[in-house]
There are 2 protein chains.
Amino acid sequence: MGDEDGISVQATATTFAVIEALRDRNHAGVTELASELDLSKSAVHNHLSTLVALGYVCRTSGSYQLTHEFLRLGLATRERNPIYDAAKSDLRTLAETTGEIVNLVVPEADHGVYLYRVGDGAHPIPEGGQVSLHASAAGKSILAFRDYDAVDAYVDTHGLPSLTERTVTDPATLRSQLRSIRDQRVSFDRGEQTPDWQCVASPIVVEDEPVAAISVSGPADRMRGKRLEEDVTGLVVSTAKAIELELLDSSTGEA
Amino acid sequence: MGDEDGISVQATATTFAVIEALRDRNHAGVTELASELDLSKSAVHNHLSTLVALGYVCRTSGSYQLTHEFLRLGLATRERNPIYDAAKSDLRTLAETTGEIVNLVVPEADHGVYLYRVGDGAHPIPEGGQVSLHASAAGKSILAFRDYDAVDAYVDTHGLPSLTERTVTDPATLRSQLRSIRDQRVSFDRGEQTPDWQCVASPIVVEDEPVAAISVSGPADRMRGKRLEEDVTGLVVSTAKAIELELLDSSTGEA
DNA sequence: AGCGGTGTTCACTGATGGAGAACAACAGTT
DNA sequence: AACTGTTGTTCTCCATCAGTGAACACCGCT
(Lines give C-alpha, C1' and ligand atoms only; values in the text may rest on other atoms or scores of the structure.)
Protein backbone atom coordinates (compact mmCIF):
# COMPACT_ATOMS: atom_id res chain seq x y z
CA MET A 1 0.00 0.00 0.00
CA GLY A 2 2.14 2.87 1.25
CA ASP A 3 1.66 6.42 0.13
CA GLU A 4 -0.29 7.38 -2.94
CA ASP A 5 2.71 7.60 -5.26
CA GLY A 6 2.46 4.06 -6.56
CA ILE A 7 5.54 2.77 -4.80
CA SER A 8 4.31 -0.23 -2.89
CA VAL A 9 7.59 -2.08 -2.60
CA GLN A 10 9.82 0.28 -0.68
CA ALA A 11 12.83 -2.04 -0.84
CA THR A 12 12.81 -1.91 -4.62
CA ALA A 13 12.83 1.86 -4.57
CA THR A 14 15.85 1.86 -2.27
CA THR A 15 17.61 -0.68 -4.45
CA PHE A 16 17.23 1.52 -7.48
CA ALA A 17 18.33 4.53 -5.49
CA VAL A 18 21.53 2.62 -4.81
CA ILE A 19 21.82 1.60 -8.45
CA GLU A 20 21.39 5.14 -9.71
CA ALA A 21 23.89 6.45 -7.22
CA LEU A 22 26.36 3.86 -8.47
CA ARG A 23 25.73 4.87 -12.05
CA ASP A 24 26.30 8.53 -11.30
CA ARG A 25 29.62 8.02 -9.56
CA ASN A 26 30.80 4.94 -11.50
CA HIS A 27 31.83 3.21 -8.32
CA ALA A 28 31.41 3.85 -4.63
CA GLY A 29 31.71 2.40 -1.15
CA VAL A 30 29.16 1.51 1.48
CA THR A 31 29.64 4.49 3.77
CA GLU A 32 29.68 6.94 0.91
CA LEU A 33 26.36 5.64 -0.42
CA ALA A 34 24.82 5.43 3.04
CA SER A 35 25.46 9.07 3.79
CA GLU A 36 24.41 10.16 0.30
CA LEU A 37 21.11 8.26 0.43
CA ASP A 38 20.38 8.81 4.12
CA LEU A 39 20.36 5.14 4.95
CA SER A 40 22.14 3.09 7.54
CA LYS A 41 25.33 1.39 6.49
CA SER A 42 23.78 -2.00 7.07
CA ALA A 43 20.83 -1.21 4.84
CA VAL A 44 23.11 -0.21 1.99
CA HIS A 45 25.23 -3.24 2.66
CA ASN A 46 22.18 -5.50 2.43
CA HIS A 47 21.14 -4.05 -0.89
CA LEU A 48 24.63 -4.16 -2.31
CA SER A 49 25.29 -7.75 -1.30
CA THR A 50 21.94 -8.75 -2.74
CA LEU A 51 22.79 -7.06 -6.00
CA VAL A 52 26.17 -8.79 -5.98
CA ALA A 53 24.48 -12.17 -5.46
CA LEU A 54 22.16 -11.43 -8.36
CA GLY A 55 25.09 -10.44 -10.56
CA TYR A 56 24.15 -6.80 -11.06
CA VAL A 57 26.93 -5.33 -8.96
CA CYS A 58 30.49 -6.43 -8.38
CA ARG A 59 33.31 -5.47 -6.10
CA THR A 60 36.49 -4.39 -7.75
CA SER A 61 39.43 -3.11 -5.80
CA GLY A 62 37.43 -2.46 -2.65
CA SER A 63 34.66 -0.53 -4.30
CA TYR A 64 31.26 -1.47 -5.67
CA GLN A 65 30.16 -0.86 -9.22
CA LEU A 66 27.37 -1.86 -11.60
CA THR A 67 28.07 -4.86 -13.79
CA HIS A 68 27.41 -5.13 -17.47
CA GLU A 69 24.26 -7.13 -16.82
CA PHE A 70 22.65 -3.73 -17.19
CA LEU A 71 24.21 -3.46 -20.62
CA ARG A 72 22.52 -6.72 -21.53
CA LEU A 73 19.16 -5.49 -20.22
CA GLY A 74 19.56 -2.16 -21.95
CA LEU A 75 20.59 -3.49 -25.32
CA ALA A 76 17.64 -5.90 -25.14
CA THR A 77 15.22 -3.01 -24.75
CA ARG A 78 16.79 -1.42 -27.80
CA GLU A 79 16.80 -4.47 -29.98
CA ARG A 80 13.22 -5.48 -29.36
CA ASN A 81 12.20 -2.45 -31.40
CA PRO A 82 12.31 -3.26 -35.14
CA ILE A 83 13.02 0.38 -35.93
CA TYR A 84 16.54 -0.09 -34.60
CA ASP A 85 17.59 -2.67 -37.16
CA ALA A 86 15.79 -0.87 -39.94
CA ALA A 87 17.44 2.48 -39.23
CA LYS A 88 20.97 1.56 -38.17
CA SER A 89 22.78 1.53 -41.48
CA ASP A 90 20.92 4.49 -42.98
CA LEU A 91 21.79 6.56 -39.93
CA ARG A 92 25.46 5.71 -40.29
CA THR A 93 25.64 6.92 -43.83
CA LEU A 94 23.69 10.03 -42.89
CA ALA A 95 26.24 10.74 -40.18
CA GLU A 96 29.10 10.30 -42.60
CA THR A 97 27.58 12.52 -45.27
CA THR A 98 26.72 15.34 -42.92
CA GLY A 99 29.61 14.96 -40.52
CA GLU A 100 27.24 15.74 -37.67
CA ILE A 101 25.66 13.76 -34.88
CA VAL A 102 22.64 11.71 -35.92
CA ASN A 103 19.99 10.48 -33.49
CA LEU A 104 17.18 7.97 -33.50
CA VAL A 105 14.45 8.99 -31.07
CA VAL A 106 11.47 6.84 -30.10
CA PRO A 107 8.43 7.81 -28.03
CA GLU A 108 7.94 6.25 -24.61
CA ALA A 109 5.27 7.26 -22.12
CA ASP A 110 5.04 11.01 -22.84
CA HIS A 111 8.68 11.60 -23.58
CA GLY A 112 11.22 10.70 -26.21
CA VAL A 113 14.28 8.49 -25.80
CA TYR A 114 17.56 8.70 -27.67
CA LEU A 115 17.58 5.08 -28.78
CA TYR A 116 20.68 5.26 -30.95
CA ARG A 117 23.30 7.76 -31.92
CA VAL A 118 26.00 7.92 -34.56
CA GLY A 119 28.76 10.42 -34.98
CA ASP A 120 31.51 11.91 -32.90
CA GLY A 121 31.40 14.75 -30.45
CA ALA A 122 29.51 15.74 -27.35
CA HIS A 123 25.75 15.91 -27.11
CA PRO A 124 23.72 17.67 -24.40
CA ILE A 125 21.74 14.47 -23.70
CA PRO A 126 23.38 11.04 -23.46
CA GLU A 127 22.38 8.12 -25.61
CA GLY A 128 19.54 6.35 -23.80
CA GLY A 129 18.52 9.64 -22.20
CA GLN A 130 15.12 11.28 -22.32
CA VAL A 131 13.93 14.33 -24.17
CA SER A 132 10.70 16.27 -23.80
CA LEU A 133 8.41 16.08 -26.81
CA HIS A 134 7.62 19.79 -27.07
CA ALA A 135 11.17 21.10 -26.81
CA SER A 136 13.12 19.18 -29.41
CA ALA A 137 13.03 18.75 -33.14
CA ALA A 138 12.58 15.00 -32.90
CA GLY A 139 9.96 15.29 -30.19
CA LYS A 140 7.90 17.81 -32.09
CA SER A 141 7.93 15.69 -35.22
CA ILE A 142 6.54 12.82 -33.17
CA LEU A 143 3.93 15.02 -31.53
CA ALA A 144 2.90 16.31 -34.93
CA PHE A 145 1.61 12.92 -35.95
CA ARG A 146 -0.41 12.26 -32.83
CA ASP A 147 -4.16 12.84 -32.56
CA TYR A 148 -5.39 16.32 -31.77
CA ASP A 149 -6.68 15.05 -28.43
CA ALA A 150 -3.42 13.36 -27.56
CA VAL A 151 -1.58 16.65 -27.95
CA ASP A 152 -4.19 18.30 -25.76
CA ALA A 153 -3.70 15.65 -23.12
CA TYR A 154 0.06 16.11 -23.31
CA VAL A 155 -0.14 19.85 -22.79
CA ASP A 156 -2.66 19.41 -19.98
CA THR A 157 -0.59 17.00 -17.94
CA HIS A 158 2.88 18.40 -18.61
CA GLY A 159 2.35 21.98 -19.65
CA LEU A 160 5.04 23.47 -21.87
CA PRO A 161 7.90 24.07 -19.42
CA SER A 162 10.59 26.25 -20.90
CA LEU A 163 14.08 24.81 -20.98
CA THR A 164 15.70 27.78 -22.66
CA GLU A 165 14.46 31.22 -23.56
CA ARG A 166 13.59 29.94 -27.03
CA THR A 167 11.42 27.01 -25.96
CA VAL A 168 7.91 27.10 -27.38
CA THR A 169 5.68 27.78 -24.37
CA ASP A 170 2.52 28.92 -26.11
CA PRO A 171 0.07 26.12 -27.03
CA ALA A 172 -1.18 27.96 -30.09
CA THR A 173 2.33 28.45 -31.44
CA LEU A 174 3.03 24.78 -30.87
CA ARG A 175 -0.17 23.81 -32.71
CA SER A 176 0.78 25.85 -35.71
CA GLN A 177 4.30 24.44 -35.74
CA LEU A 178 2.95 20.92 -35.51
CA ARG A 179 0.62 21.56 -38.46
CA SER A 180 3.44 22.68 -40.67
CA ILE A 181 5.67 19.84 -39.47
CA ARG A 182 2.96 17.40 -40.47
CA ASP A 183 2.85 18.95 -43.92
CA GLN A 184 6.57 19.28 -44.52
CA ARG A 185 7.72 16.25 -42.55
CA VAL A 186 10.48 18.38 -41.06
CA SER A 187 10.88 20.07 -37.75
CA PHE A 188 13.54 22.38 -36.41
CA ASP A 189 14.95 23.18 -33.03
CA ARG A 190 16.99 26.34 -32.79
CA GLY A 191 18.12 26.29 -29.20
CA GLU A 192 14.73 25.37 -27.77
CA GLN A 193 16.12 22.60 -25.61
CA THR A 194 19.74 23.55 -25.10
CA PRO A 195 21.20 26.99 -25.76
CA ASP A 196 23.30 27.18 -28.92
CA TRP A 197 22.30 23.72 -30.00
CA GLN A 198 20.35 23.14 -33.19
CA CYS A 199 18.48 20.26 -34.72
CA VAL A 200 16.66 19.12 -37.82
CA ALA A 201 14.35 16.15 -37.50
CA SER A 202 11.95 14.10 -39.56
CA PRO A 203 9.39 11.60 -38.30
CA ILE A 204 8.95 7.95 -39.19
CA VAL A 205 5.28 7.14 -39.43
CA VAL A 206 3.77 3.68 -39.76
CA GLU A 207 0.01 3.23 -40.11
CA ASP A 208 -0.57 6.82 -39.02
CA GLU A 209 1.40 6.25 -35.83
CA PRO A 210 4.67 8.14 -35.26
CA VAL A 211 7.00 5.33 -34.21
CA ALA A 212 10.23 7.31 -34.23
CA ALA A 213 12.06 10.36 -35.49
CA ILE A 214 15.58 10.90 -36.73
CA SER A 215 17.49 14.07 -36.15
CA VAL A 216 20.77 15.70 -37.08
CA SER A 217 22.10 18.03 -34.45
CA GLY A 218 25.08 20.16 -33.71
CA PRO A 219 26.30 23.40 -32.17
CA ALA A 220 24.63 26.50 -33.52
CA ASP A 221 27.70 27.87 -35.25
CA ARG A 222 28.05 24.79 -37.45
CA MET A 223 24.34 24.32 -38.20
CA ARG A 224 23.58 27.76 -39.51
CA GLY A 225 21.75 29.33 -42.43
CA LYS A 226 21.56 27.56 -45.73
CA ARG A 227 23.37 24.48 -44.48
CA LEU A 228 20.74 23.87 -41.84
CA GLU A 229 17.75 24.93 -43.84
CA GLU A 230 18.45 23.15 -47.07
CA ASP A 231 21.43 20.84 -47.37
CA VAL A 232 20.94 18.86 -44.19
CA THR A 233 17.17 19.10 -44.21
CA GLY A 234 16.83 17.32 -47.51
CA LEU A 235 19.05 14.47 -46.38
CA VAL A 236 17.18 14.03 -43.12
CA VAL A 237 13.79 13.87 -44.78
CA SER A 238 14.86 11.44 -47.46
CA THR A 239 16.64 9.21 -44.97
CA ALA A 240 13.54 9.11 -42.78
CA LYS A 241 11.45 8.15 -45.77
CA ALA A 242 13.92 5.42 -46.66
CA ILE A 243 13.81 3.98 -43.15
CA GLU A 244 10.04 4.10 -43.21
CA LEU A 245 9.99 1.98 -46.35
CA GLU A 246 12.55 -0.43 -44.98
CA LEU A 247 10.42 -0.85 -41.89
CA LEU A 248 7.35 -1.64 -43.98
CA ASP A 249 9.28 -4.15 -46.07
CA SER A 250 10.64 -6.01 -43.08
CA SER A 251 7.23 -6.26 -41.40
CA THR A 252 5.29 -7.38 -44.46
CA GLY A 253 8.06 -9.35 -46.09
CA GLU A 254 8.63 -11.61 -43.13
CA ALA A 255 4.99 -12.27 -42.31
CA MET B 1 18.68 -12.55 7.52
CA GLY B 2 17.77 -15.17 5.02
CA ASP B 3 19.65 -18.12 3.62
CA GLU B 4 23.38 -18.21 3.16
CA ASP B 5 23.33 -17.23 -0.51
CA GLY B 6 23.92 -13.56 0.11
CA ILE B 7 20.42 -12.44 -0.78
CA SER B 8 19.31 -10.42 2.22
CA VAL B 9 16.73 -8.26 0.51
CA GLN B 10 14.17 -10.71 -0.84
CA ALA B 11 12.05 -8.01 -2.44
CA THR B 12 14.95 -6.95 -4.64
CA ALA B 13 15.47 -10.49 -5.84
CA THR B 14 11.82 -10.76 -6.82
CA THR B 15 11.94 -7.41 -8.56
CA PHE B 16 14.82 -8.56 -10.71
CA ALA B 17 13.07 -11.85 -11.39
CA VAL B 18 10.23 -9.79 -12.78
CA ILE B 19 12.64 -7.62 -14.75
CA GLU B 20 14.41 -10.59 -16.28
CA ALA B 21 11.14 -12.23 -17.18
CA LEU B 22 10.12 -9.02 -18.91
CA ARG B 23 13.37 -8.91 -20.81
CA ASP B 24 13.01 -12.48 -22.00
CA ARG B 25 9.49 -12.04 -23.33
CA ASN B 26 9.76 -8.34 -24.35
CA HIS B 27 6.39 -7.61 -22.75
CA ALA B 28 3.98 -9.47 -20.52
CA GLY B 29 0.94 -9.20 -18.30
CA VAL B 30 0.46 -9.60 -14.57
CA THR B 31 -1.09 -13.08 -14.56
CA GLU B 32 1.42 -14.41 -17.03
CA LEU B 33 4.31 -13.29 -14.87
CA ALA B 34 2.65 -14.45 -11.68
CA SER B 35 2.26 -18.00 -12.90
CA GLU B 36 5.71 -18.03 -14.47
CA LEU B 37 7.43 -16.82 -11.30
CA ASP B 38 5.20 -18.64 -8.81
CA LEU B 39 4.02 -15.48 -7.13
CA SER B 40 0.62 -14.11 -6.34
CA LYS B 41 -0.89 -11.69 -8.77
CA SER B 42 -0.86 -8.97 -6.16
CA ALA B 43 2.84 -9.46 -5.50
CA VAL B 44 3.66 -9.09 -9.18
CA HIS B 45 1.31 -6.17 -9.39
CA ASN B 46 3.08 -4.46 -6.51
CA HIS B 47 6.49 -4.89 -8.09
CA LEU B 48 5.30 -3.79 -11.50
CA SER B 49 3.56 -0.67 -10.25
CA THR B 50 6.63 0.21 -8.22
CA LEU B 51 8.82 -0.17 -11.29
CA VAL B 52 6.39 1.95 -13.26
CA ALA B 53 6.53 4.67 -10.60
CA LEU B 54 10.33 4.56 -10.74
CA GLY B 55 10.27 4.79 -14.54
CA TYR B 56 11.83 1.42 -15.29
CA VAL B 57 8.70 -0.20 -16.66
CA CYS B 58 5.81 1.19 -18.67
CA ARG B 59 2.42 0.00 -19.79
CA THR B 60 1.81 0.02 -23.48
CA SER B 61 -1.34 -1.36 -25.00
CA GLY B 62 -2.34 -3.30 -21.90
CA SER B 63 1.00 -4.98 -21.39
CA TYR B 64 4.05 -4.19 -19.30
CA GLN B 65 7.54 -3.78 -20.69
CA LEU B 66 10.96 -2.51 -19.62
CA THR B 67 11.69 1.10 -20.44
CA HIS B 68 14.87 2.46 -21.93
CA GLU B 69 16.07 3.60 -18.54
CA PHE B 70 17.89 0.30 -18.64
CA LEU B 71 19.54 1.41 -21.85
CA ARG B 72 20.79 4.48 -20.04
CA LEU B 73 22.14 2.39 -17.17
CA GLY B 74 23.70 -0.11 -19.54
CA LEU B 75 25.38 2.39 -21.81
CA ALA B 76 26.74 4.11 -18.70
CA THR B 77 28.44 0.90 -17.59
CA ARG B 78 30.01 0.66 -21.03
CA GLU B 79 31.15 4.23 -21.30
CA ARG B 80 32.81 4.40 -17.91
CA ASN B 81 35.48 2.08 -19.26
CA PRO B 82 38.10 4.08 -21.21
CA ILE B 83 38.83 1.06 -23.38
CA TYR B 84 35.51 1.59 -25.13
CA ASP B 85 36.36 4.99 -26.54
CA ALA B 86 39.88 3.94 -27.34
CA ALA B 87 38.83 0.84 -29.27
CA LYS B 88 35.64 1.91 -31.04
CA SER B 89 36.99 3.28 -34.28
CA ASP B 90 39.77 0.72 -34.69
CA LEU B 91 37.24 -2.07 -34.29
CA ARG B 92 35.05 -0.60 -36.99
CA THR B 93 37.81 -0.53 -39.52
CA LEU B 94 38.83 -4.05 -38.52
CA ALA B 95 35.27 -5.22 -39.13
CA GLU B 96 35.21 -3.56 -42.52
CA THR B 97 38.54 -5.00 -43.62
CA THR B 98 37.76 -8.53 -42.54
CA GLY B 99 34.04 -8.50 -43.23
CA GLU B 100 33.54 -10.52 -40.07
CA ILE B 101 32.12 -9.83 -36.65
CA VAL B 102 34.50 -8.04 -34.30
CA ASN B 103 34.16 -8.10 -30.52
CA LEU B 104 35.56 -6.19 -27.60
CA VAL B 105 35.62 -8.34 -24.47
CA VAL B 106 36.43 -7.10 -20.98
CA PRO B 107 36.95 -9.14 -17.81
CA GLU B 108 34.44 -8.88 -15.00
CA ALA B 109 34.39 -11.06 -11.88
CA ASP B 110 35.70 -14.33 -13.33
CA HIS B 111 34.04 -14.11 -16.71
CA GLY B 112 34.28 -12.01 -19.82
CA VAL B 113 31.67 -9.61 -21.19
CA TYR B 114 31.03 -8.68 -24.81
CA LEU B 115 31.29 -4.95 -24.27
CA TYR B 116 30.97 -3.92 -27.90
CA ARG B 117 30.43 -5.54 -31.24
CA VAL B 118 30.75 -4.42 -34.84
CA GLY B 119 29.69 -6.21 -37.96
CA ASP B 120 26.60 -7.85 -39.35
CA GLY B 121 25.27 -11.32 -38.81
CA ALA B 122 24.27 -13.54 -35.92
CA HIS B 123 26.53 -14.35 -33.00
CA PRO B 124 26.06 -17.18 -30.49
CA ILE B 125 26.28 -14.74 -27.57
CA PRO B 126 24.51 -11.38 -27.55
CA GLU B 127 26.31 -8.08 -27.07
CA GLY B 128 26.46 -7.47 -23.33
CA GLY B 129 26.43 -11.22 -22.72
CA GLN B 130 28.95 -13.22 -20.75
CA VAL B 131 31.59 -15.64 -21.88
CA SER B 132 33.69 -18.06 -19.86
CA LEU B 133 37.38 -17.25 -19.76
CA HIS B 134 38.67 -20.74 -20.54
CA ALA B 135 36.44 -21.53 -23.48
CA SER B 136 36.83 -18.59 -25.81
CA ALA B 137 39.65 -16.99 -27.73
CA ALA B 138 39.15 -13.65 -26.05
CA GLY B 139 38.81 -15.20 -22.61
CA LYS B 140 41.98 -17.24 -22.96
CA SER B 141 43.97 -14.24 -24.07
CA ILE B 142 42.86 -12.44 -20.93
CA LEU B 143 43.63 -15.42 -18.74
CA ALA B 144 47.07 -15.69 -20.32
CA PHE B 145 48.12 -12.38 -18.81
CA ARG B 146 46.92 -13.09 -15.31
CA ASP B 147 49.19 -14.29 -12.51
CA TYR B 148 49.95 -17.97 -12.26
CA ASP B 149 48.04 -18.07 -8.97
CA ALA B 150 45.03 -16.28 -10.39
CA VAL B 151 44.68 -18.94 -13.07
CA ASP B 152 44.96 -21.59 -10.37
CA ALA B 153 42.22 -19.91 -8.38
CA TYR B 154 40.04 -19.70 -11.47
CA VAL B 155 40.39 -23.39 -12.24
CA ASP B 156 39.80 -24.28 -8.60
CA THR B 157 36.55 -22.39 -8.23
CA HIS B 158 35.08 -22.96 -11.67
CA GLY B 159 36.77 -26.05 -13.03
CA LEU B 160 36.97 -26.28 -16.79
CA PRO B 161 33.41 -27.19 -17.77
CA SER B 162 33.16 -28.34 -21.35
CA LEU B 163 30.75 -26.42 -23.55
CA THR B 164 31.48 -28.40 -26.71
CA GLU B 165 33.51 -31.51 -27.39
CA ARG B 166 36.46 -29.32 -28.28
CA THR B 167 36.56 -27.26 -25.09
CA VAL B 168 39.89 -27.43 -23.28
CA THR B 169 39.13 -29.37 -20.11
CA ASP B 170 42.65 -30.35 -19.08
CA PRO B 171 44.44 -27.81 -16.86
CA ALA B 172 47.86 -28.76 -18.25
CA THR B 173 46.71 -28.23 -21.83
CA LEU B 174 45.25 -24.88 -20.84
CA ARG B 175 48.53 -23.88 -19.15
CA SER B 176 50.52 -24.68 -22.24
CA GLN B 177 48.08 -22.80 -24.46
CA LEU B 178 48.22 -19.78 -22.17
CA ARG B 179 52.00 -19.79 -22.29
CA SER B 180 52.06 -19.67 -26.05
CA ILE B 181 49.30 -17.07 -26.13
CA ARG B 182 51.40 -14.90 -23.86
CA ASP B 183 54.31 -15.22 -26.25
CA GLN B 184 52.46 -14.76 -29.51
CA ARG B 185 49.74 -12.40 -28.26
CA VAL B 186 47.21 -14.44 -30.19
CA SER B 187 44.70 -17.05 -29.15
CA PHE B 188 42.40 -19.24 -31.17
CA ASP B 189 39.06 -20.86 -30.56
CA ARG B 190 38.05 -23.56 -32.99
CA GLY B 191 34.61 -24.54 -31.77
CA GLU B 192 35.56 -24.64 -28.11
CA GLN B 193 32.63 -22.56 -27.02
CA THR B 194 30.07 -23.06 -29.78
CA PRO B 195 30.19 -25.83 -32.38
CA ASP B 196 31.25 -24.66 -35.83
CA TRP B 197 32.17 -21.22 -34.57
CA GLN B 198 35.73 -19.96 -34.71
CA CYS B 199 37.61 -17.04 -33.25
CA VAL B 200 40.93 -15.25 -33.26
CA ALA B 201 41.68 -12.94 -30.38
CA SER B 202 44.44 -10.72 -29.07
CA PRO B 203 44.73 -9.19 -25.62
CA ILE B 204 45.10 -5.56 -24.62
CA VAL B 205 47.47 -5.29 -21.71
CA VAL B 206 48.15 -2.19 -19.64
CA GLU B 207 50.71 -2.23 -16.85
CA ASP B 208 50.84 -6.03 -16.95
CA GLU B 209 47.09 -6.22 -16.44
CA PRO B 210 44.88 -7.67 -19.20
CA VAL B 211 42.15 -5.03 -19.44
CA ALA B 212 40.44 -6.38 -22.54
CA ALA B 213 40.70 -8.54 -25.63
CA ILE B 214 39.48 -8.09 -29.16
CA SER B 215 38.33 -10.95 -31.30
CA VAL B 216 37.20 -11.67 -34.84
CA SER B 217 34.74 -14.50 -35.10
CA GLY B 218 32.63 -16.28 -37.65
CA PRO B 219 31.20 -19.61 -38.73
CA ALA B 220 33.79 -22.34 -39.23
CA ASP B 221 33.37 -22.56 -42.99
CA ARG B 222 34.33 -18.93 -43.50
CA MET B 223 37.17 -18.83 -40.99
CA ARG B 224 39.22 -21.71 -42.26
CA GLY B 225 42.83 -22.49 -43.04
CA LYS B 226 45.18 -19.80 -44.18
CA ARG B 227 42.58 -17.06 -43.86
CA LEU B 228 42.15 -17.74 -40.17
CA GLU B 229 45.74 -18.54 -39.40
CA GLU B 230 47.43 -15.72 -41.21
CA ASP B 231 45.38 -13.02 -42.87
CA VAL B 232 42.99 -12.29 -40.06
CA THR B 233 45.43 -13.08 -37.30
CA GLY B 234 47.85 -10.40 -38.33
CA LEU B 235 45.15 -7.78 -38.45
CA VAL B 236 43.80 -8.70 -35.04
CA VAL B 237 47.19 -8.52 -33.36
CA SER B 238 48.14 -5.22 -34.91
CA THR B 239 44.77 -3.69 -34.10
CA ALA B 240 45.07 -4.79 -30.49
CA LYS B 241 48.50 -3.23 -30.30
CA ALA B 242 47.17 -0.01 -31.79
CA ILE B 243 44.37 0.16 -29.25
CA GLU B 244 46.82 -0.49 -26.45
CA LEU B 245 48.89 2.49 -27.52
CA GLU B 246 45.85 4.69 -27.91
CA LEU B 247 44.80 3.74 -24.40
CA LEU B 248 48.19 4.69 -23.01
CA ASP B 249 48.13 8.01 -24.83
CA SER B 250 44.71 8.97 -23.56
CA SER B 251 45.55 8.12 -19.96
CA THR B 252 48.91 9.88 -19.87
CA GLY B 253 48.01 12.67 -22.23
CA GLU B 254 45.02 13.84 -20.28
CA ALA B 255 46.49 13.55 -16.81
C1' DA C 1 51.66 -0.68 17.28
C1' DG C 2 48.22 2.42 17.19
C1' DC C 3 44.78 4.94 14.73
C1' DG C 4 41.15 6.79 11.41
C1' DG C 5 38.72 4.95 8.14
C1' DT C 6 36.58 1.35 5.95
C1' DG C 7 33.25 -2.98 5.38
C1' DT C 8 30.80 -6.55 7.91
C1' DT C 9 27.96 -8.90 11.33
C1' DC C 10 24.40 -9.27 14.86
C1' DA C 11 19.81 -9.33 17.38
C1' DC C 12 15.70 -6.92 17.78
C1' DT C 13 11.34 -5.04 16.21
C1' DG C 14 7.99 -2.15 13.79
C1' DA C 15 6.94 -1.67 9.29
C1' DT C 16 5.80 -3.87 5.13
C1' DG C 17 5.46 -7.07 1.43
C1' DG C 18 2.70 -10.92 0.07
C1' DA C 19 -1.39 -14.40 0.00
C1' DG C 20 -5.92 -14.80 -1.23
C1' DA C 21 -10.32 -13.54 -2.26
C1' DA C 22 -13.42 -10.17 -3.91
C1' DC C 23 -13.94 -6.60 -7.31
C1' DA C 24 -13.72 -4.24 -11.74
C1' DA C 25 -12.69 -3.79 -16.50
C1' DC C 26 -12.59 -5.56 -20.56
C1' DA C 27 -12.70 -8.58 -25.39
C1' DG C 28 -14.54 -12.02 -27.81
C1' DT C 29 -18.32 -14.91 -28.74
C1' DT C 30 -22.90 -16.21 -29.54
C1' DA D 1 -26.63 -6.63 -26.50
C1' DA D 2 -26.15 -9.91 -22.73
C1' DC D 3 -22.86 -13.39 -21.50
C1' DT D 4 -18.58 -15.41 -20.21
C1' DG D 5 -13.92 -16.13 -19.55
C1' DT D 6 -10.05 -13.55 -18.84
C1' DT D 7 -7.25 -9.95 -17.19
C1' DG D 8 -5.85 -6.18 -14.07
C1' DT D 9 -6.80 -3.98 -9.66
C1' DT D 10 -8.04 -3.39 -4.84
C1' DC D 11 -8.49 -4.86 -0.13
C1' DT D 12 -7.52 -6.78 4.54
C1' DC D 13 -4.76 -9.20 7.58
C1' DC D 14 -0.81 -11.44 9.37
C1' DA D 15 3.89 -13.35 9.38
C1' DT D 16 7.95 -11.97 7.56
C1' DC D 17 11.59 -9.34 6.85
C1' DA D 18 14.14 -5.04 5.99
C1' DG D 19 16.33 -1.63 8.59
C1' DT D 20 18.39 0.46 12.86
C1' DG D 21 22.25 1.04 15.80
C1' DA D 22 25.94 -0.69 17.96
C1' DA D 23 29.57 -3.75 18.19
C1' DC D 24 33.01 -6.14 15.51
C1' DA D 25 36.61 -6.99 12.03
C1' DC D 26 39.56 -5.32 8.63
C1' DC D 27 42.36 -2.77 6.24
C1' DG D 28 45.98 1.10 4.78
C1' DC D 29 48.40 4.88 7.06
C1' DT D 30 51.84 7.36 9.68
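Within every chain, numbering begins at 1; the chains are lettered A, B, ... in the order of the sequence lines, protein sequences first and strands thereafter. Just so you know, these numbers come straight off a predicted model, no measurement behind them.
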Worksheet item: Judged by atom type as modelled, is there a donor-acceptor pair below 3.5 Å linking the side chain of A:S8 to the main-chain atoms of B:N46?
Response: yes
Worksheet entry | Spacing of B:L51 atom CG relative to C:dG17 atom P, expressed in whole Å | 13 Å
Practice prompt. With axes from five pairs an end, tell me the bend angle of the helix from C:dA1-D:dT30 to C:dT30-D:dA1, nearest 10°.
Written response: 50°
Practice prompt. Give the ring-plane orientation class for B:H134 versus B:Y154, where under 30° counts as parallel, over 60° as perpendicular and anything between as tilted.
Written response: tilted
Discussion item. Is there, by distance only and without an angle test, a donor paired with an acceptor across the side chain of B:S42 and the base of C:dG20 below 3.5 Å?
Written reply: yes
Item to complete: Would you check if the side chain of B:T77 reaches a backbone N or O of A:L66 as a donor-acceptor pair within less than 3.5 Å?
Response: no
Discussion item. I'd like to know if B:K241 pairs up with B:D90 as an ion pair, taking the criterion as any Lys NZ or Arg NE/NH1/NH2 lying under 4.0 Å from an Asp or Glu carboxylate oxygen.
Written reply: no
Discussion item. Less than 3.5 Å apart, any donor N or O on the side chain of B:S40 or B:S42 sitting next to an acceptor on the other?
Written reply: yes
Discussion item. Between A:R146 and A:D152, does any side-chain N to carboxylate O distance fall below 4.0 Å?
Written reply: no
Worksheet item: Is A:R78 salt-bridged to A:E127, going by a charged N under 4.0 Å from an acidic O?
Response: yes
Discussion item. Heavy atoms from C-beta onward define the side chain here; which of C:dT8, C:dA19, D:dT10 lies closest to that of B:H45?
Written reply: D:dT10
Item to complete: For A:I7 and C:dG17, give me the distance from atom CD1 to atom C1', rounded to whole Å.
Response: 14 Å
Worksheet item: Between the side chain of A:D147 and the main-chain N/O of A:D149, is any donor-acceptor distance below 3.5 Å?
Response: no
Worksheet item: Tell me: CG of B:N46 to P of D:dC11, nearest whole Å?
Response: 12 Å
Discussion item. From the set C:dG18, C:dT8, D:dG19, return the single nucleotide nearest to any side-chain atom of A:Y64.
Written reply: C:dT8
Worksheet item: CG of A:L39 versus C1' of C:dG7: gap in Å, rounded?
Response: 16 Å
Worksheet item: Relative to each other, are the rings of B:H123 and B:Y114 parallel, tilted or perpendicular (30° and 60° limits)?
Response: perpendicular
Worksheet item: What is the distance, rounded to the nearest whole Å, between atom CZ of B:R59 and atom C1' of C:dA25?
Response: 11 Å
Worksheet item: Would one find a side-chain N or O of B:T14 under 4.0 angstrom from OP1 or OP2 of C:dG18?
Response: yes
Discussion item. Rounding to an integer number of Å, can you tell me how far A:Q10 CD sits from C:dG17 C1'?
Written reply: 11 Å
Fill in: Matching residue for A:V131 among A:S215, A:P124, A:S136 - test: side chain to side chain contact (heavy atoms under 4.5 Å, CB included)
A:S136
Practice prompt. Would you mind reading off the distance between B:H47 atom NE2 and C:dG17 atom C1', rounded to a whole angstrom?
Written response: 7 Å
Worksheet item: Does B:R23 offer a backbone N or O that forms a donor-acceptor pair with the side chain of A:R80 under 3.5 Å?
Response: no
Worksheet entry | Strand contacts (DNA chain C) in residues 29-37 of chain B, 4.0 angstrom heavy-atom criterion | none
Item to complete: For B:L48 and D:dT7, give me the distance from atom CG to atom C1', rounded to whole Å.
Response: 13 Å
Practice prompt. Would you tell me whether B:T50 and A:T12 have side-chain atoms, one donor and one acceptor, within less than 3.5 Å of each other?
Written response: no
Fill in: Nucleotide-resolved protein contact map, nucleotides 24-30 of chain D, B/S/- at heavy-atom distance under 4.0 Å
-------
